[in-house]
Amino acid sequence: MALGLMIICSMAACGKKDGTETTEAATAGTETAAPETESSETKETEGGETAAAPEMPEYVSAFDLGDISDYVELGEYKGIEVTAMDTQVTDEEVEEELKAQVENSGPSYEQVTEGQVAEGDVANIDFVGKMNGEAFQGGTGENFNLTIGSGQFIPGFEDGLIGKNIGDTVVLDLNFPEEYTVNPDFSGKAVEFTVTINYVQGEELPRELDDAFVERTTDGAYKTVEEYRKYMKTEMEQSKAEEARTGKINAAWEKIEANATFKKESEELISYNYDSQIYQAQSMVSMYGMDMASYLSAMGMTEEQFQKDIRDYAEQSARWQLLVRAVVEAEGLEPTDEEYESGLEKLSEETGMDVETMKSNYSEIMIRDILRQQAVQDFLEETAVEVPAETESSES
């Protein structure tokens, strides 16, 4: 997990380029946005006091340091033996997964498509609301389950569906209440709703693995249990293969770290990692209008323990960063300009951010560090040797 954590830290903690702060942050494969902060340097806490707004630390890379040999010396790092993981998926495992899906599925109901709507029915409807001939925001919905008589919609809407035939499209000429607190601008205004009654919920269907369950839960992507069973087996095989890949990389990385000799710590990296974690914690706490003392108290943690945990993480992360640089330089894994551009495109797809946004939010050295880490992962996957558990030597 070491390299995975480093990649997440590099992009989640450090949305800063050339000393300029940004409120966007993204983890590898997942797009997220940090909360907007107040433009002033203080923010009111839940106790009514003001706390200094956290400042994002300036990014520090292991590649900004001097000679890497001053910090770490690689031991054995090629051809590392790791225990092979079983990637086979048995039929029994597939059946267990299918059984769990059935047991954990939400209730489903028979779709009644004939008859009339009555009070108390749960009607599935599509509707479009218009004022002065124009659709308005919040006035349109599809496949909406409405309990008739619940008062969820404005007066006259639900009553207007009672007695109507299932499958019909009904036009309701109504008025918003004179004092419509949901949106005062709509108060008293005339509105026309066009409502299609798709079906009414009938009896709850039994939870069992059959063709109907498969078609229902996959929105028609699969029609039969056998089709879905084959799909699930393929998905589970792919998942196990990815788990095995990750496990292989992590196991090799742990051994490379154990084989390396760390000569001295990098205080620059440790300070940066520590400050970036503190920044994230303070930003999160500030978002909820709390101060750090209140948050730690709620978590049952002392400030000393919190700081120690952050410091331990910062030191470990710094060692990982030094080790990545050592492997990159030993194996010539530095991305070329072409690899940088193609890697940037791939990161853009994984994070959901366009390339220009990434360039504006993250410095080139930060992006290069991500690509270097990924290059080391690929190197470990290619060079680590998988052996059966019983033949792996105790020495390795």
Side-chain angles (χ1 to χ4, degrees), residues 1-12 27-30 72 74-104 209 218 222 225-260 262 312-313 316-317 319-328 330-331 333 335 343 346-347 349-351 369-396:
M1 293 184 288
L3 291 179
L5 284 171
M6 288 172 60
I7 288 175
I8 291 173
C9 287
S10 295
M11 298 200 75
T27 61
T30 308
V72 63
L74 287 172
E76 182 183 1
Y77 70 95
K78 292 182 181 180
I80 298 293
E81 288 188 355
V82 299
T83 303
M85 295 178 62
D86 183 14
T87 59
Q88 289 187 332
V89 176
T90 66
D91 291 341
E92 290 75 15
E93 288 174 317
V94 175
E95 293 309 310
E96 283 298 316
E97 172 61 26
L98 294 174
K99 180 181 177 182
Q101 290 186 16
V102 172
E103 291 176 350
N104 295 327
L209 183 62
T218 66
Y222 297 92
V225 172
E226 191 56 36
E227 283 181 1
Y228 191 57
R229 183 178 284 117
K230 291 179 181 179
Y231 161 77
M232 282 306 308
K233 186 167 187 176
T234 300
E235 285 291 297
M236 292 171 69
E237 288 172 342
Q238 291 175 349
S239 178
K240 272 199 174 183
E242 183 57 32
E243 288 177 7
R245 173 186 178 275
T246 302
K248 178 182 180 180
I249 292 170
N250 290 342
W253 180 254
E254 288 176 1
K255 292 186 177 182
I256 290 173
E257 182 181 7
N259 293 339
F262 291 91
D312 290 345
Y313 167 82
Q316 180 65 75
S317 184
R319 287 192 287 273
W320 291 337
Q321 290 164 281
L322 293 171
L323 201 54
V324 165
R325 178 180 167 185
V327 175
V328 166
E331 289 299 316
L333 301 178
K346 186 177 179 180
L347 283 174
E349 294 175 3
E350 292 173 349
T351 61
D369 274 352
I370 301 295
L371 300 179
R372 290 160 176 152
Q373 292 159 18
Q374 292 179 342
V376 171
Q377 287 181 319
D378 293 340
F379 170 77
L380 295 181
E381 183 182 10
E382 293 170 3
T383 62
V385 179
E386 292 180 297
V387 296
E390 62 272 13
T391 63
E392 184 179 17
S393 68
S394 58
E395 180 182 354
S396 68

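Note that the coordinates shown come from a computational prediction; the quantities given were computed from them, not determined experimentally. Along the sequence shown, the residues carry numbers beginning at 1.
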I'd like to check the side chain to side chain donor-acceptor pair (under 3.5 Å) partners of [X]; sequence neighbours left out, ordered by chain and number.
X: K233; value: D91
X: D312; value: K308
X: E331; value: Y77, K78

Mind checking ring-ring contact (aromatic ring centres under 6.0 Å, His included) for Y231 and listing every partner two or more places apart, or none if nothing turns up?
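Y231 satisfies ring-ring contact (aromatic ring centres under 6.0 Å, His included) with Y222, Y228 once adjacent residues are dropped.
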
Look up atom [atom1] in [X] and atom [atom2] in [Y], then write down how far apart they are to the nearest 0.5 Å.
X: M232; Y: T218; atom1: CE; atom2: OG1; answer: 11.5 Å
X: T90; Y: E92; atom1: OG1; atom2: CD; answer: 4.5 Å
X: K248; Y: M85; atom1: NZ; atom2: CE; answer: 12.0 Å
X: T351; Y: I370; atom1: OG1; atom2: CD1; answer: 10.5 Å

Set of residues satisfying side-chain contact (heavy atoms from CB on, under 4.5 Å) with respect to [X], sequence neighbours excluded:
X: A326; value: I68, V72, L74
X: A375; value: L333
X: A84; value: E386

Identify the heavy atoms of A260 and L323 that sit nearest to each other, and give their distance.
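Nearest heavy atoms, A260 then L323: CB-CD1, 3.8 Å.
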
Contacts of [X] that satisfy salt bridge (Lys or Arg N to Asp or Glu O under 4.0 Å) - sequence neighbours left out:
X: E243; value: none
X: K240; value: E93
X: R372; value: E334, D369
X: E242; value: R245

Tell me, do [X] and [Y] make a side-chain contact under 4.5 Å, heavy atoms counted?
X: E257; Y: Q316; result: yes
X: V82; Y: W253; result: no
X: N259; Y: I80; result: yes

Would you mind listing every salt bridge (charged side-chain N to carboxylate O under 4.0 Å, His left out) that reaches into residues 94-103, with sequence neighbours excluded?
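Only E95-R229 qualify under salt bridge (charged side-chain N to carboxylate O under 4.0 Å, His left out).
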
